[in-house]
Each structure stands twice: as C-alpha cells, then as structure tokens.
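Worksheet: the structure to be examined is printed underneath.
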Amino acid sequence: MRLLLKTTAIALALTAAAGSVKAAGHGGVEVLHWWTSGGEAAALNVLKDDLEGQGIGWTDMPVAGGGGEQAMTVLRARVTAGNAPTAVQGLGFDIIDWAKQGALANLNDVAAAEGWDAVVPAALQHFAKVDGVWVSAPVNVHSTNWVWANKSVLDANGISVPETWEDFAAAMETLAAAGVTPIAHGGQAWQEATVFDAVAMSTLGPDGYKAAFIDLDPEALGSDAMKEAFDRMAVIRANVDENFSGRDWNLATAMVINGEAGFQMMGDWAKGEFLNAGQVPGEDFLCFRFPGTQSQVTFNADQFMMFDQGGSVSTEQAALASAILSPSFQSAFNVVKGSVPARTDVSDADFDACGKQGIADLAAAASSGNLFGSMAHGHANEAAVKNAMYDVITAHFNGEFDSETAVEELVTAVEIAQ
C-alpha cells in the first residue's frame, strides 16, 4: 500500500508538471522543491515575495517528501522529457551529479558580480561549484545533529539537558516510566539515517566519523565503535511509539510540540515547526546538540540548482540566484526556516536563541575542523553509497539485523556501492 501511495503521489506530481512551463511563461520561474510542511512553506514565501516584488512570477512545483527522494524522481522524468524546471532544490552530491551531466546553467557572471566567492564558506562551495563553475545558489546551512525537546515535559519529569549518552538513556527511561513517548520519530529511511548520523558521531568521534562516512575506510565501518552505534540505535528504537512507521518528520515534531513525546532528533529545519506553532525557544522548547557531539556540526545545505534553459542564464534565473544570496534574504529566510545563513557576513541580530547558537556553533566548528558533511543528507558521499547505508541502517532499526550483523552488512554494502 505504501508503495502504491508513493507511486500515485509521483504520478500526480508529474501530471501537474505537464502544464507548468506554460504557467511559468516569460517573466517567471518554475521552482521544483519539497518544502511542503507549514514551517518550510512559510520560509519559502519569503523568497516568493522577494521575486514578486521584482515583478517575477513564481510557479510552484512542490513534491512532498522531507528527504527529497520523490522530488528527484520527478526531476529525472522532467529532464528526460526535455522539460527541466527553471530551478530545483538540491542537496550535496546530487548537485554535483547533475552538473557533471551538463544539465546545469553557468552562474559565474552573477557570482562574480556579487562576490560569492568571498562570502560563501568553502564547505558549501564544494557542492555549489563544479570544475570552477557556479551551478547553484546556496540558501542556507542546516545542521543535522540537533535534539529538540518539550521543556514542560522535561521539567515535569525532573530532566535536565543531557550531556552524555548515559544521561540521554536515563532520560528516555524516566519518560517511558511516566507514560510519555520518549522519542518522536518518523519511520522513513532518511529519518533513521539522520538519527544514526548523530549517534555515530557521538560514538565514533570526529576522526572515526570522517574515516567511516567520508573516507569509507572498511576498518572504521566495521569497528567495535560502529557496533556500539548500532546498539545505541536499538535503545532509541525501543523508545519510539508503535505507530512510527511511515510518519513524516513534521508530524513527529508535532508530537513534541503537543507534549506527546519528550525528544526528537532532527535537523534544525524542525525549529520552523515550533515557531509556526507560536512556540518560543528556551520557554516552550529546547534545542541542543546530540549528547557527545557538542563540539561537532554535521551539515547539509539547501541550494537551488539552475537548470540550463538553452545555453544561457535567463534574466529570471539570474534574479532568483541574486535574491537567494542577498544578505537581507539570507537573514529573513533563515530566521523563519530554522537554519543559518549560507553567507558568513550576515548578522545574527534577528535570530532567536537557537539561531544564534547555530551560527556560533557553525563558526566554531568550521574554525576547529569539526564541520562535516552529513552522511544522511548527501554531503559525505555520493548517492549510491548513501542509499546503501540507508538500507542497512533502516533494516537494523526495523529489527531485520542485530548490531553485529548490521556492521557486517554495512561494510559489504559500501564496498558494493563504490
């Protein structure tokens, strides 16, 4: 049934796409993205309003699915049909893959005119530039190793912000005993990988994380520390509710907002859901790094790829790229979205407590060598490797493997995927 629903959703999206280019027309942009939750839609409206203020129309092409997998399926069909959208939300190695296929427009003129090289961090440029050519405009930097908590639930149960794994395990035990679901989670492969990302960073440490997920070292992938990471995932699995399978991430966030659960492990896009519900950081909800990763930041960065529309960048594409990287938009958008700016020169004055912490954490991690592309979100390795890891992680989470077998399967899956 889930496969049928997914296939139906993609088919409906493709049907809607059939007439969308005509709708975009001259003087407009057609934008394919997966920002469909309340907080995400509110953030995207900042960009829509910016362009409409310049007289540029916006044709929306939303494809639901928090990890973007369904959006990429729709995109491949559109490109194959010779009907590429104007701009497409993209992540990490997916951007590099499209660029190497020659599908993306050259934004170097816009980038040079506005000095992108001087203000966009090198870690983001690694994905926004391919062979010296700017092919996408970074919107933000998300960090993925956050925990979100309902403050009232924690206070009522005498729980402080956990500093170590042992603290976190004890907090889960306390909540379970009180009849509160300890962990709000959505059973989708990318969500399990997001949780595993933080657990593995905590367990392996930054050197071990890099060796395993970026360098793909078989010894690191097959280490005792990796088995411990899977053991900890089993503890987390024991603390989610029985209805977690297939749940979208924002519905899991709503469980924390409503006091039905204590914690959620999710990237900082979750903050947009709390803000959209009228909640205040530090008063209604808490944000903190997953215990044991306080000095590290694992990141992904939403970018908009500009697809080639006939050999040159259109006026509308250039305006969209320019709007995305303007300091005013970077601040306004990321204040709403929950992420931090993709430019290093944007003030944190308008950001809330979680935003200010995110900006400070990013700067500290970048300067100390503790900023790492997220495995779970396509910024550590190419899609084939990421998906191979997904399969093992989610199979273990769903009880198909014990931890020892999961480690063996992980080593084998990565070897085959390379």
Side-chain angles (χ1 to χ4, degrees), residues 5-6 9 12-13 16 31-52 58-71 74 89 91 139-144 146-153 181 183-188 190-191 194 241 243-244 246-287 300-302 304 324 329-341 350-355 358 377:
L5 290 173
K6 179 177 179 180
L12 288 172
V31 183
L32 175 63
H33 64 90
W34 57 88
W35 281 336
T36 57
S37 76
E40 291 173 324
L44 191 62
N45 282 335
V46 176
L47 183 56
K48 293 180 184 178
D49 291 345
D50 186 300
L51 288 175
E52 287 173 0
W58 178 291
T59 299
D60 216 29
M61 184 63 202
V63 181
E69 294 93 342
Q70 294 187 33
V74 172
Q89 183 181 358
L91 295 173
V139 180
N140 57 16
V141 182
H142 275 300
S143 52
T144 62
W146 287 101
V147 182
W148 306 90
N150 183 298
K151 188 176 185 298
S152 295
V153 169
T181 299
I183 304 294
H185 177 66
Q188 297 170 343
W190 74 269
Q191 293 193 59
T194 299
D241 69 297
N243 298 315
F244 76 96
R247 177 186 290 137
D248 287 336
W249 70 269
N250 55 305
L251 299 181
T253 306
M255 292 173 64
V256 179
I257 292 171
N258 296 331
E260 299 167 26
F263 302 105
Q264 181 189 23
M265 282 149 281
M266 186 51 59
D268 52 16
W269 49 91
K271 189 182 77 170
E273 298 302 296
F274 288 94
L275 299 181
N276 203 44
Q279 297 208 338
V280 178
E283 297 179 14
D284 302 304
F285 69 97
L286 302 175
C287 56
N300 72 15
D302 289 301
F304 276 103
I324 287 169
F329 168 75
Q330 287 278 320
S331 178
F333 176 87
N334 286 294
V335 162
V336 176
K337 185 68 165 66
S339 44
V340 301
D350 292 334
F351 288 79
D352 59 30
C354 292
H377 293 271

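One is the number of the first residue; the rest follow in order along the sequence.
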Any idea how F304 and W35 line up, ring-wise: parallel (<30°), tilted (30 to 60°), or perpendicular (>60°)?
perpendicular
Just say parallel, tilted or perpendicular for the rings of W249 and W269, cut-offs at 30° and 60°.
perpendicular
Identify, with sequence neighbours excluded, every residue that meets side chain to side chain contact (heavy atoms under 4.5 Å, CB included) alongside A43.
F333, V336, K337
List, one per line, each side-chain donor-acceptor pair under 3.5 Å for residues 274-283, sequence neighbours excluded.
residue	atom	partner	partner atom	Å
Q279	NE2	I257	O	3.4

Show the nearest heavy-atom pair for residues A252 and A184, with the distance to one decimal.
O-CB, 3.2 Å
For N250, give me all partners under side-chain hydrogen bond (donor to acceptor under 3.5 Å, both in side chains), at least two apart in sequence or on another chain.
none
Are D60 and L44 close enough, and set up right, to give a side-chain contact (heavy atoms from CB on, under 4.5 Å), and what steps lead you there?
CA-CA 10 Å; D60 216 29; L44 191 62; 4.1 Å; yes
Between CG on residue L251 and CG on residue N243, distance to nearest 0.5 Å
12.0 Å
Quick one: CG on D284 to NZ on K151, what's the gap to the nearest 0.5 Å?
9.0 Å
Atom pair CG/CG of D50 and N45 - distance to nearest 0.5 Å
12.0 Å
Those residues at least two apart in sequence (or on a different chain) that pass side-chain hydrogen bond (donor to acceptor under 3.5 Å, both in side chains) with S339 are N140, N334
Listed partners of N150 passing side chain to side chain contact (heavy atoms under 4.5 Å, CB included), at least two apart:
S152, V153, V256
Taking the side chain as every heavy atom from C-beta outward, state whether W34 and Q89 have any pair of such atoms under 4.5 Å apart.
yes
Going by the rule side chain to side chain contact (heavy atoms under 4.5 Å, CB included), which residues pair with A149 if we only count those two or more places apart in sequence or in a different chain?
L154, F263, L286, F288
With side-chain contact (heavy atoms from CB on, under 4.5 Å) as the test, would you mind laying out the steps for M61 and V74 before giving the verdict?
CA-CA 10 Å; M61 184 63 202; V74 172; 4.1 Å; yes
Nearest 0.5 Å, please: how far is OG1 in T181 from CE in M255?
4.5 Å
Partners passing ring-ring contact (aromatic ring centres under 6.0 Å, His included) against F351 (at least two apart in sequence or in another chain):
none
side-chain hydrogen bond (donor to acceptor under 3.5 Å, both in side chains) filter on T253, not counting sequence neighbours, yields Q264
side-chain contact (heavy atoms from CB on, under 4.5 Å) assessment of Q188 paired with D248
CA-CA 8 Å; Q188 297 170 343; D248 287 336; 2.8 Å; yes
Any salt bridge (Lys or Arg N to Asp or Glu O under 4.0 Å) involving residues 269-278? Give me the pairs, sequence neighbours left out, ordered by first then second residue.
K271-D352
Heavy-atom distance under 4.5 Å between the side chains of T194 and M265, does that happen here?
no
Identify the two heavy atoms, one from V46 and one from A332, that lie closest to each other, and give their separation to 0.1 Å.
CG1-CB, 3.9 Å
Can you tell me how far CH2 of W148 sits from CE of M266, rounded to the nearest 0.5 angstrom?
11.0 Å
Contacts of D241 meeting salt bridge (Lys or Arg N to Asp or Glu O under 4.0 Å) (sequence neighbours excluded), chain-then-number -> R247
